[in-house]
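Note that ligands are numbered from 1 as they come in the structure, with each ligand's atoms numbered from 1 the same way.
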Amino acid sequence: MSAEGTGRQSSTHCPYCALQCSTVLSGERGAVAVRPSADFPVNRGGLCQKGWTAPAVLSAPDRLLTPLVRGADGELAPAGWDEALDLVAGRLREIRARHGADAVAVFGGGGLTNEKVYTLGKFARVALGTSQIDYNGRFCMSSAAAASTAAFGLDRGLPFPVTDLDEADVILLAGANPAETMPPLMRHLQGADLVVVDPRRTRTAERAALHLQPAPGTDLALALGLLHLAVTEGLVDQEYVDARTVGFDAVRERCLAWWPERAEEVTGVPAADLRAAVRMLGGARRAHILTGRGAEQHSKGSDTVAAFINLALALGLPGRAGSGFGTLTGQGNGQGGREMGQKADQLPGCRLLTDPADRAHVAAVWGVDAGTLPGPGRSAYELLDALGGAEGPRALLVFGANPVVPAPRAAHVTQRLEALDLPVVADFVPSETAALADVVLPVAQWAEEEGTVTSLEGRVLRRRAHLTPPPGVRTDLQVLHALAVRLGQSPGRFPVRPPEVFEELRRASAGGRADYSGISYARLDAGEALHWPCPAGSGGDAGHPGTPRLFLDRFAHPDGRARFAPVDHRPPAQEPDGTFPLYGTTGRVLAQYQSGAQTRRVPELVAAAPEAVVEIHPDTARRFGLADGRLAEIGSAHGTARARVRLTRTVRADTVFVPFHFPGAARANLFTGHALDPRSRMPEFKVSAVHVTPAGERP
Ligand SMILES: Nc1nc2c(c(=O)[nH]1)N[C@H]1C(S)=C(S)[C@@H](COP(=O)(O)OP(=O)(O)OC[C@H]3O[C@@H](n4cnc5c(=O)[nH]c(N)nc54)[C@H](O)[C@@H]3O)O[C@H]1N2
Ligand SMILES: Nc1nc2c(c(=O)[nH]1)N[C@H]1C(S)=C(S)[C@@H](COP(=O)(O)OP(=O)(O)OC[C@H]3O[C@@H](n4cnc5c(=O)[nH]c(N)nc54)[C@H](O)[C@@H]3O)O[C@H]1N2
Ligand code: SF4
Ligand SMILES: [Mo]
């Protein structure tokens with residue numbers, strides 16, 4: 001329903017990160033105002049600069065308001081919806097007839113609502129019949145998900161509400177910089193002594209009682225060193241280990257080889273600091289260990305998370321009231337986005353395409369024969385890498401991602417996209433990926449449509465429409481419906497109303513690991529705080545109360561016990577050498593979001609962070625002839641990016657840091673490589689071997 005002209009206010013949530021700060025929108029198109037709602041426990045009246053300025057994107061001057069089709073002259077030109085959709089459906093049918101169903105691929109996003117993710121996965125498996133679907137969350141939460149599922153039998157980033165952190169005495173943050181990536185979260189970390197593990201002295205590290213500054217790519221050795229000390233200092237909670245876990249003996253055996261001096265040699269963190277960290281954690285009444293992308297985005301990311309889980313289990317933290325282990329989910333619907341079936345191996349509810357019972361359940365909800373559902377497809381990077389090749393997909397539909405900027409080995413990925421017979425992008429701004437598409441479909445934005453997202457604490461939240469979409473724009477659900485019908489599906493199979501999709505999603509997830517069946521729009525609109533699992537048919541008339549805290553009595557494995565994982569350290573794919581003497585790492589700055597497709601269109605944010613910088617220590621800059629404020633080239637075996645030198649003593653002397661939010665020659669991913677984690681298929685965004693040279697002031 002539209003609120004335009006009524007003076008009505010709409011209660012919703014921020015379009016950006018997984019904290020999903022609660023906001024109230026007012027005002028008409030062109031003058032939408034946002035303020036934080038005071039009563040939501042996660043942001044408690046706070047927003048970050050991105051949240052405050054989010055309405056600007058609703059009326060971005062270059063917003064897409066009509067479909068675009070690439071003409072014979074090679075240019076994108078406005079077209080009608082029927083023309084664009086007929087063209088796409090016709091070409092898809094042709095490509096499928098000639099090359100088979102897997103010649104059509106889909107790439108989704110962790111910012112899409114649950115309803116969209118669910119529909120996108122169903123569209124791929126039913127309307128296209130393709131196995132080739134994955135999404136940008138593979139680059140985000142896959143290592144955390146793999147390790148958490150293995151250890152706990154379930155993947156919910158925070159298995160407890162954010163407010164539990166308020167009561168903690170000690171919190172270890174491994175590779176997370178929430179002071180810039182989730183500023184309102186810092187309110188919940190104020191009461192605790194922080195141990196921050198980061199090669200940079202970030203704004204988060206400045207608030208820490210103890211900052212451990214390891215070389216990039218050495219967190220696994222660091223976690224093994226900490227576990228070693230927990231064992232030798234007698235801090236292991238043996239009663240908990242005996243009662244609630246399996247597999248500790250092998251892990252204890254392995255960590256004995258990681259005495260503190262050896263861990264110091266590999267990580268660069270003084271043994272005394274490792275000891276201090278373990279004593280803080282072991283001595284706390286309530287402690288948490290949290291990981292972020294800094295520890296996870298490695299070719300050994302899932303083993304690294306496993307090593308931090310091992311430490312947390314040895315100290316008896318997970319599933320204990322007031323303590324715990326968690327991972328900080330990133331994208332707006334990064335949690336729901338990894339549950340509802342856009343992942344290459346997954347069906348809704350965290351069900352698996354390889355499990356016959358899971359297939360049968362979802363096929364029944366979809367009204368298809370389970371035998372017609374494809375098997376698992378390629379992971380995100382492998383999918384992008386295969387595009388346009390002899391064995392790879394020839395058409396790609398992108399919803400909610402901008403892979404030209406955030407994919408590793410970006411120059412190669414861009415070439416793969418260019419090699420496609422049919423690239424199609426649905427977006428609301430002309431992203432770098434949309435610029436390569438043959439057909440661009442303009443869609444509605446967060447404040448123009450209904451839906452649900454699941455935040456980093458596993459709580460399902462309602463996004464509400466404040467405006468009607470501009471004329472000429474359709475919702476993602478309408479686009480998928482229209483394409484499905486053109487591909488021969490019955491119209492009723494692909495509903496366009498989000499509540500209708502949610503009702504179906506409930507049934508598809510029922511009995512699955514991420515069970516949403518007891519959640520409804522009515523309950524959410526009544527203000528209930530519902531964290532999954534929330535099964536239907538239990539909890540009496542009021543319904544199941546949801547599960548804010550998981551694992552208090554048992555973990556999600558059949559025997560109720562958590563699993564230790566015997567992991568060991570290994571070097572990154574590229575290590576500094578004579579040619580590439582520095583570690584290059586990448587990440588975020590406060591004022592830009594992801595590929596920047598949205599935030600680079602907000603004047604205040606551009607003023608705050610206008611271009612890519614390379615953070616470099618003054619001593620290192622001197623060695624390489626680099627001056628503050630001048631352009632530099634950051635080159636690796638994979639390619640070269642360009643950024644402006646920012647001298648700072650906050651970064652290790654052997655490391656440079658480049659944010660990945662900027663396009664073109666400034667793409668940090670021009671130098672990242674294609675090494676993947678064998679379990680999670682996560683790329684190694686956080687460590688490359690690079691050299692940095694002056695670039696001169698070419699435009
Ligand atoms: N402003 C802003 N906020 C965001 C986003 C954004 O783009 N911009 N994106 C959202 C999303 S999707 C995500 S996933 C989250 C990510 O949130 P974070 O994980 O906090 O973000 P990053 O900056 O990618 O990485 C965190 C830190 O890891 C450090 N690091 C680099 N290499 C290593 C290493 O080898 N080991 C360790 N221990 N640390 C290392 C970096 O110096 C950086 O400070 O942020 C969310 N919030
Ligand atoms: N070097 C390096 N690379 C990284 C990372 C890193 O730390 N270092 N981090 C990785 C991580 S954690 C992540 S999450 C990825 C982010 O990967 P990206 O794909 O860059 O994420 P976004 O920029 O959020 O892209 C979302 C796109 O979808 C559009 N969009 C937003 N909402 C909707 C919607 O509802 N429907 C449709 N159709 N479109 C929508 C936006 O306008 C935008 O163009 O990047 C990864 N890449
Ligand atoms: S912290 Fe995240 S959810 Fe909150 S206002 Fe900032 S970007 Fe939005
Ligand atoms: Mo992310």
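- Ring centroid separation for the pair H638 and H412 does not come in under the 6.0 Å cut-off.
- More than 12 non-hydrogen atoms from other residues, nucleotides or ligands lie less than 6.0 angstrom from CZ of R187.
- Only backbone heavy atoms of L590 (N, CA, C or O) come within less than 4.0 Å of ligand 1; its side chain stays farther off.
- Aromatic pair F308/F325: centroids not less than 6.0 angstrom apart.
- Under the rule for a salt bridge (charged side-chain N to carboxylate O under 4.0 Å, His left out), R474 has no partner lying at least two apart in sequence or in another chain.
- Donor-acceptor pairing under 3.5 Å is lacking for the side chains of T181 and R293.
- Atom CZ of residue R600 and atom CG of residue L605 lie 11.5 Å apart, to the nearest 0.5 angstrom.
- Test N333, T475, D476 against K116 for side-chain hydrogen bond (donor to acceptor under 3.5 Å, both in side chains) and you get one pass: D476.
- Nearest heavy-atom pair across N177 and R200 is ND2-NH2, 3.7 Å.
- Within ligand 1, counting atoms from 1 as listed, the ones closer than 4.0 Å to a heavy atom of D198 are 27 (C), 28 (O), 29 (C), 41 (C), 42 (O), 43 (C), 44 (O).
- Listed by number with element, the atoms of ligand 1 under 4.0 angstrom from any heavy atom of D219 are 34 (C), 35 (O), 36 (N), 37 (C), 38 (N).
- Heavy-atom contacts of V589 reach the following atoms of ligand 1: 1 (N), 2 (C), 8 (N) (cutoff under 4.0 Å).
- Applying the ring-ring contact (aromatic ring centres under 6.0 Å, His included) test to every pair with at least one member in residues 583-608, sequence neighbours left out, gives these pairs: Y16-Y593.
- Heavy-atom proximity to H298, at under 4.0 Å, picks out these atoms of ligand 1: 34 (C), 35 (O).
- Residues passing the salt bridge (charged side-chain N to carboxylate O under 4.0 Å, His left out) test with R416: none are found, sequence neighbours excluded.
- Taking only nitrogen or oxygen atoms, main chain and side chain alike, T202 does not reach within less than 3.5 Å of ligand 1.
- Not a single heavy atom of V687 lies less than 4.0 angstrom from ligand 1.
- The distance from ligand 1 to the heavy atoms of R200 drops below 4.0 Å at these ligand atoms: 41 (C), 42 (O), 43 (C), 44 (O).
- For the atom pair CD1 (I616) and OG1 (T655), the distance works out to 10.0 Å, reported to the nearest 0.5 Å.
- Under 4.0 Å from ligand 1, the heavy atoms of E180 that appear belong solely to its backbone.
- For ligand 1, the polar-atom distance check finds no N/O of A215 at less than 3.5 Å from any of the ligand's N/O atoms.
- Taking a heavy-atom cut-off of under 4.0 Å, ligand 2 is surrounded by L112, K116, N136, F139, C140, Q297, Q331, G400, A401, N402, P406, A426, D427, F428, V429, S431, V443, D476, T586, R588, Y593, Q594, S595, A597, Q598, F660, N669, F685, K686.
- Counting the atoms of ligand 1 from 1 in the order shown, those under 4.0 Å from a heavy atom of G175 are 19 (O), 26 (C), 27 (C), 28 (O), 37 (C), 38 (N), 39 (N).
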